[in-house]
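Before any comments, here is the structure.
Keep in mind that what you see is a predicted model, and the values were worked out from it rather than measured.
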Amino acid sequence: MIKEKTRLSQRSKPPISPIKRGARYLICALAYVTCGVILVAIAISIKVTALQLAHRFVYPIFVFGDLLRGLEIIELLNLLVFAILGMGLGLATGLLPTRDSRQISTIFLIILVPVILAIPQYIKYDLWIQDISKQDQISNSQAMTIADSFLERRIGHQGVFGFYLYTGQFPMIPTRQSQMQDLDRLEKQVNSKFVKVSGIPPTIVNWLMGICFWGIRLFYFSVAAITATAHFREGLKIVGR
C-alpha cells in the first residue's frame, strides 16, 4: 500500500515547465558569474594594492629595492590570491545545475590564472611611466614615448610586453631620461671591469641573469597554478562535485 501511494504521488507531480527550468538555469548561471567576478576583483585588488605599496615603500630602498624587484618578492602573495580564487571557484561550482559544472569551472580556472598573473604587468608598466613623468617633470604621454623608445632600443619591443621582457633580464629600471641615455655607457664600463676581474664575458653573465629571473617567474607561475588547483579541488569536495 505504501509503495503504491508513493508511486501515485510521484506520478501525480506535474513536470517542471521549460520556462521554469530555463529561469532556474539563468538564475544559477548569473549567481555563478557574479561569484566569479567578485573572486577576480578580490584577487586583482590584492595584487594591485600590494604592487603599489611595494613600489612606494620597498623598491625605493637603496640596493635592496632593485634586488627585491628582480626577485619579484610581491609574487609570494600568489599563495593567498590563488588559494582564494581556487577555493571560491570550486565552491561556486555547486551553483551550476548541470553535469558539466566541474568542466566549466575548470576551463574558467585555466583562463583566469594567466590573466590574473598578467594584469600586474600593466600596473608595473604604468607605475614606471608615472615615475618617469614625475622625475623629468613631463606629461605621461611624453614619458610613455621616452620609455617605449628606450625599450625598443634595449629589447626590441615596446609597451607592456617590452617592459615585461626587459625586467626579465635587468632588475634595475631607469626612471630618468638621462639615466636611459647613460645606461649603455655605464653598462659597458661595468662589463669591461667585470671581465678584467673575473674573465667571464658579459654575454654569459646576462644569459645567466636572464635564466635566473625567468626561472623565478616560472616558479611563481607554478606556485599559482598548483595553489589554485589544490584549493579548487577542495572546494569541489565540499560541494560534492
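Across every non-hydrogen atom of Ala43 and Val81, the tightest pair is CB-CG1, 3.4 Å. The two residues Trp214 and Leu165 have their closest heavy-atom pair at CZ2-CD2, 3.9 Å. Of all the heavy atoms in Val113 and Ala228, the pair that sits closest is CG2-CB, 4.1 Å. Shown here for Ile173 and Arg69, the closest heavy-atom pair between the two residues is CD1-CD, 3.6 Å. Residues Leu96 and Cys28 approach most closely at CD2-O, 4.4 Å, considering heavy atoms. Closest non-hydrogen pair, Ala143 versus Ile129, comes out as CB-O, 3.6 Å.
Judged by distance alone, the side chain of Trp128 and the main-chain N or O of Phe163 form no donor-acceptor pair under 3.5 Å. No side-chain donor-acceptor contact under 3.5 Å links Arg176 to the backbone of Ile132. No donor-acceptor distance shorter than 3.5 angstrom exists from the side chain of Thr49 to the backbone of Ile46, with no hydrogens or angles considered. Put simply, the side chain of His55 never gets that close to the backbone of Leu51: no donor and acceptor are under 3.5 Å apart. Side-chain atoms of Ser133 come within 3.5 Å of backbone atoms of Ile138 as a donor-acceptor pair (strictly under, hydrogens ignored). Side-chain atoms of Thr227 do not come within 3.5 Å of backbone N or O of Ala224 as any donor-acceptor pair. Remark: the backbone N or O of Arg102 is paired with a side-chain donor or acceptor of Thr106 at under 3.5 angstrom.
For the atom pair CD1 of Ile226 and NE2 of His231, the computed distance is 12.5 Å after rounding to the nearest 0.5 Å. Rounded to the nearest 0.5 angstrom, Ile42 CD1 and Leu85 CG are separated by 10.0 Å. Here CD1 of Ile146 is found 7.0 Å from CE of Met180. Values are rounded to the nearest 0.5 Å. Here the OG-CG distance, from Ser105 to Asp100, works out to 11.0 Å after rounding to the nearest 0.5 Å. Taken to the nearest 0.5 Å, the CD atom of Gln135 stands 9.0 Å off from the CD atom of Gln137. A distance of 12.0 Å separates CZ of Phe108 from CG of Leu39, quoted to the nearest 0.5 Å.
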Start with the C-alpha gap between Thr93 and Leu236, add the side-chain angles, then the distance that decides, and say whether side chain to side chain contact (heavy atoms under 4.5 Å, CB included) holds. CA-CA 7 Å; Thr93 305; Leu236 292 176; 3.7 Å; yes

Trace of the side-chain hydrogen bond (donor to acceptor under 3.5 Å, both in side chains) decision for Asp126 with Gln130: CA-CA 6 Å; Asp126 185 64; Gln130 292 180 25; 2.7 Å; yes

Would you please test Ser139 and Gln142 for side-chain hydrogen bond (donor to acceptor under 3.5 Å, both in side chains) and show each step? CA-CA 5 Å; Ser139 65; Gln142 291 175 318; 3.3 Å; yes

Side chain to side chain contact (heavy atoms under 4.5 Å, CB included) between Tyr32 and Leu89, intermediate numbers included: CA-CA 9 Å; Tyr32 177 80; Leu89 200 59; 3.7 Å; yes

Report the C-alpha separation of Lys47 and Ile116 in whole Å, then their side-chain angles, then the decisive distance to 0.1 Å, and conclude whether the side chain to side chain contact (heavy atoms under 4.5 Å, CB included) test is met. CA-CA 9 Å; Lys47 292 185 74 67; Ile116 293 175; 3.8 Å; yes

Tell me, with the steps shown, if Leu117 and Asn78 meet side chain to side chain contact (heavy atoms under 4.5 Å, CB included). CA-CA 9 Å; Leu117 285 173; Asn78 286 344; 3.8 Å; yes

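At least one side-chain heavy atom of Arg154 sits under 4.5 Å from a side-chain heavy atom of Tyr166. Ile238 has its side chain within reach of Met87: a pair of non-hydrogen atoms, C-beta onward, lies under 4.5 Å apart.
Clustering ILVMFWY residues whenever any of their side-chain heavy atoms sit less than 4.5 angstrom apart, transitively, puts Val33 in a cluster other than the one holding Leu91. One hydrophobic cluster holds both Leu109 and Leu79 under the rule that ILVMFWY side chains link at heavy-atom gaps under 4.5 Å. Placement of Phe232 and Leu80 within a single hydrophobic cluster is found when ILVMFWY residues are connected by side-chain heavy-atom separations under 4.5 Å, directly or transitively. Cluster annotation: Leu53 and Ile74 are assigned to distinct hydrophobic clusters (Ile/Leu/Val/Met/Phe/Trp/Tyr, side-chain heavy-atom contacts under 4.5 Å, transitive). A single hydrophobic cluster is seen to contain both Val48 and Phe82, as judged by linkage of ILVMFWY side chains at heavy-atom distances under 4.5 Å, directly or through other members.
Not less than 6.0 angstrom separates the ring centroid of Tyr125 from the ring centroid of Tyr164.
Using a cutoff of 4.0 Å between basic side-chain nitrogens and carboxylate oxygens, Arg217 and Glu75 are not scored as salt-bridged.
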